[in-house]
Amino acid sequence: MVATAATSAFFPVTSPSPDSSNSKKKLGSGSTNLGGIKSKPSASSGSLQVKANAQAPPKINGTSVVTTPVEGFKNDDSLSSPPPRTFINQLPDWSMLLAAITTIFLAAEKQWMMLDWKPRRSDMLIDPFGIGRIVQDGLVFRQNFSIRSYEIGADRTASIETLMNHLQETAINHCRSAGLLGDGFGSTPEMVKKNLIWVVTRMQVVVDRYPTWGDVVQVDTWVSASGKNGMRRDWLVSDSKTGEILTRASSVWVMMNKVTRRLSKIPEEVRGEIEPYFMNTDPVVAEDSRKLVKLDDGTADYVRKGLTPRWSDLDVNQHVNNVKYIGWILESAPLPILESHELSSMTLEYRRECGRDSVLQSLTAVSDSGVGDLVNLGEVECQHLLRLEEGAEIVRGRTEWRPKHAKSFGDVGQIPAESA
C-alpha cells in the first residue's frame, strides 16, 4: 500500500547493533538465568562460564539474536549495573508504533477515496447520495431513490406509501434546490413572513408497475399554475435503468394561514417568487372529473373505527402528513381485494385536516360487484371516506384495483419537452 510505503520512508526500522547484543550477554556475579542463558561462577579463575540453554533464541524488537557460549568475562561491579537510559530504549515497541501510523494513513486514504467516488459500472447510480439536481432549463427537479428492504410489502413490491413519500420528498427538495425554501416546510421566504403554508386539495396517482427491492427509481417533478390561487405539481416516476414509466401523479395545492387555519389567496410577493418556475404543460394524469360520492354507515360495506394519529404522524406544520391519510383509507379495504388485487390508481380530495387528538373512521364501498365474490373479479373500483368520529369529512377517495401481475396499458405520460 501507498500508506505503508510512506510510513516506512518516514520511520525506517534499524537493525540492533552488536554492542547492544553484547550488553544483553553481560552478567553480574552469582548464578543468573536471563533469556535462556545460564551462568555459573568458576572457583579457579573468578570468571564466568556461560552455557546456552536449548530454547528458542531471544528477540529484541522483533529481531532474533543468536547467542554463543562466552568465556573469560571479568567479574566487575560495573557490569552488574543496568544500561544507561536513552531516548531509544524508552520508546514503545517500533512495530506497534508503525502499525498505529499505518492505520491512520489507511483511514485517511479511504476517506479520500469516498470523496473522490466515481461509478465503476454504467448501471450504478448517477446520484449515489440521493441529493437530486435541477434539469430541463432549471424547471424540472430529478432525484433517484433505491427501494429498500423495509419499503416493500407482502407482495415483495414497494408499497403505495413508499411511492407517495418519494413524491413528497422530491417536492420539498425541489423548493430547496431552487432556493425557495424558507423556515417553513416547503414555504418560500415570503410565505414564512405571512404565516402561509401549502396544503394539498386533490391528488391523482396512476401506478403502471410497482418497483421491487433493489430497483432504483428516478423521480421527476415540476410545477404549473392551477387557476388564480392554486399550483399544480406533477411527478413522473421511471425505472432509472430501463426508462420504463412506473408511476404518474398530479396534485393541486393552495395556501393556508397556519395561524388561522384558513385558506388564503396567493399574495403578489409570493407569486413573484414562484411564477418563474412554472411550466406551461398539461397534467401528466388526465383529470378524472367524476364526482366522489359521500359514504355513510348505510352505503359503506366496510367500516374501520378508532383510528388515531401518533406523534410520528405529524409534520413540522403540526398536522397529519397527507401520506398517512392513504394508509388510513386502505385500513377498511376488504382483505380479499388486498390479497388478489393491487392498487392501480386513486383519486383523493382532501376536505380538512385532523389533529393529533382526533379519532377517525375509515369507510369503504365496493362498486358494481357482489361483495362475497371479490377474488374472482377483474377490475375493481372502491369508494372511500375518511371522517372524524363526530362525522366531519377528512378525505373522500376512489381507488381502482387490478388483478395482481396484470399489465397496465394506459396512456403513458412524458416529461415535458426541453425548451429550445
Can you measure from [atom1] ([X]) to [atom2] ([Y]) and round to the nearest 0.5 angstrom?
X: Arg398; Y: Asp288; atom1: CZ; atom2: CG; result: 4.0 Å
X: Arg396; Y: Leu363; atom1: CZ; atom2: CG; result: 12.0 Å
X: Leu360; Y: Leu388; atom1: CG; atom2: CG; result: 5.5 Å
X: Cys382; Y: Ile329; atom1: SG; atom2: CD1; result: 11.5 Å
X: Glu273; Y: Thr188; atom1: CD; atom2: OG1; result: 3.5 Å
X: Leu167; Y: Gln143; atom1: CG; atom2: CD; result: 11.0 Å

With distance as the sole test, does [X] use its side chain to make a donor-acceptor pair with the main-chain N or O of [Y] at under 3.5 Å?
X: Tyr210; Y: Leu343; value: yes
X: Asp137; Y: Leu139; value: no
X: Ser332; Y: Val303; value: no
X: Asn321; Y: Val323; value: yes
X: Thr170; Y: Thr221; value: no
X: Ser159; Y: Ile152; value: no
X: Ser177; Y: Asn173; value: yes
X: His166; Y: Val217; value: no
X: Ser240; Y: Val216; value: yes
X: Thr162; Y: Ala158; value: no

Check: [Y] and [X] side chains under 4.5 Å, non-hydrogen atoms:
X: Met346; Y: Ile160; answer: yes
X: Leu307; Y: Val359; answer: no
X: Tyr277; Y: Leu180; answer: yes
X: Asn322; Y: Gln168; answer: yes
X: Leu246; Y: Pro211; answer: yes
X: Trp198; Y: Cys175; answer: no
X: Trp253; Y: Arg232; answer: no
X: Arg261; Y: Glu353; answer: yes

| query | Quick one: which of Arg142, Arg233, Arg133, Arg248 gives a salt bridge (charged side-chain N to carboxylate O under 4.0 Å, His left out) with Asp220? | reply |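 With Asp220 as partner, Arg142, Arg233, Arg133, Arg248 yield a single salt bridge (charged side-chain N to carboxylate O under 4.0 Å, His left out), made by Arg142.
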| request: Test Glu342 against every option in Arg209, Lys404, Arg156, Arg402 by the salt bridge (charged side-chain N to carboxylate O under 4.0 Å, His left out) rule and name the one that passes. | output: Arg402
Under a 4.0 Å threshold between the charged nitrogen and the carboxylate oxygen, would [Y] count as salt-bridged to [X]?
X: Lys305; Y: Asp297; value: no
X: Asp296; Y: Lys294; value: no
X: Glu381; Y: Arg290; value: yes
X: Arg351; Y: Glu349; value: yes
X: Glu393; Y: Arg352; value: no

Search all heavy atoms of [X] against all heavy atoms of [Y] and return the closest pair with its distance.
X: His341; Y: Gly378; value: NE2-O, 2.8 Å
X: Gly397; Y: Leu292; value: C-CD2, 4.1 Å
X: Pro336; Y: Ser340; value: O-OG, 2.8 Å
X: Pro276; Y: Gly272; value: CD-O, 3.4 Å
X: Ser238; Y: Gly243; value: CB-O, 4.0 Å
X: Ala249; Y: Val205; value: CB-CG2, 4.0 Å

Polar side chain donor-acceptor pair, [X] to [Y], under 3.5 angstrom:
X: Asn257; Y: Ser264; value: no
X: Glu400; Y: Ser344; value: no
X: Glu151; Y: Asn165; value: no
X: Thr364; Y: His384; value: yes
X: Trp222; Y: Ser224; value: no

| Would you call the rings of Phe141 and His174 parallel, tilted or perpendicular, where under 30° means parallel and over 60° means perpendicular? |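 Parallel, since the angle between the ring planes stays under 30°.
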| Should Tyr325 and Leu348 be marked as a side-chain contact (heavy atoms from CB on, under 4.5 Å) after you check the CA-CA gap, both sets of side-chain angles, and the distance that decides it? | CA-CA 10 Å; Tyr325 292 142; Leu348 304 176; over 6 Å; no
| message | Under the criterion side-chain contact (heavy atoms from CB on, under 4.5 Å), I'd like the reasoning laid out for Gln218 against Leu236: C-alpha separation, chi angles, the key distance, then a yes or no. | response | CA-CA 8 Å; Gln218 175 181 289; Leu236 197 61; over 6 Å; no
| So Glu190 and Ile274, side-chain contact (heavy atoms from CB on, under 4.5 Å) or not? Walk me through it. | CA-CA 10 Å; Glu190 287 295 330; Ile274 62 178; over 6 Å; no
| request: Could you walk me through whether Val199 and Tyr350 pass the side-chain contact (heavy atoms from CB on, under 4.5 Å) test, one step at a time? | output: CA-CA 9 Å; Val199 292; Tyr350 295 86; over 6 Å; no
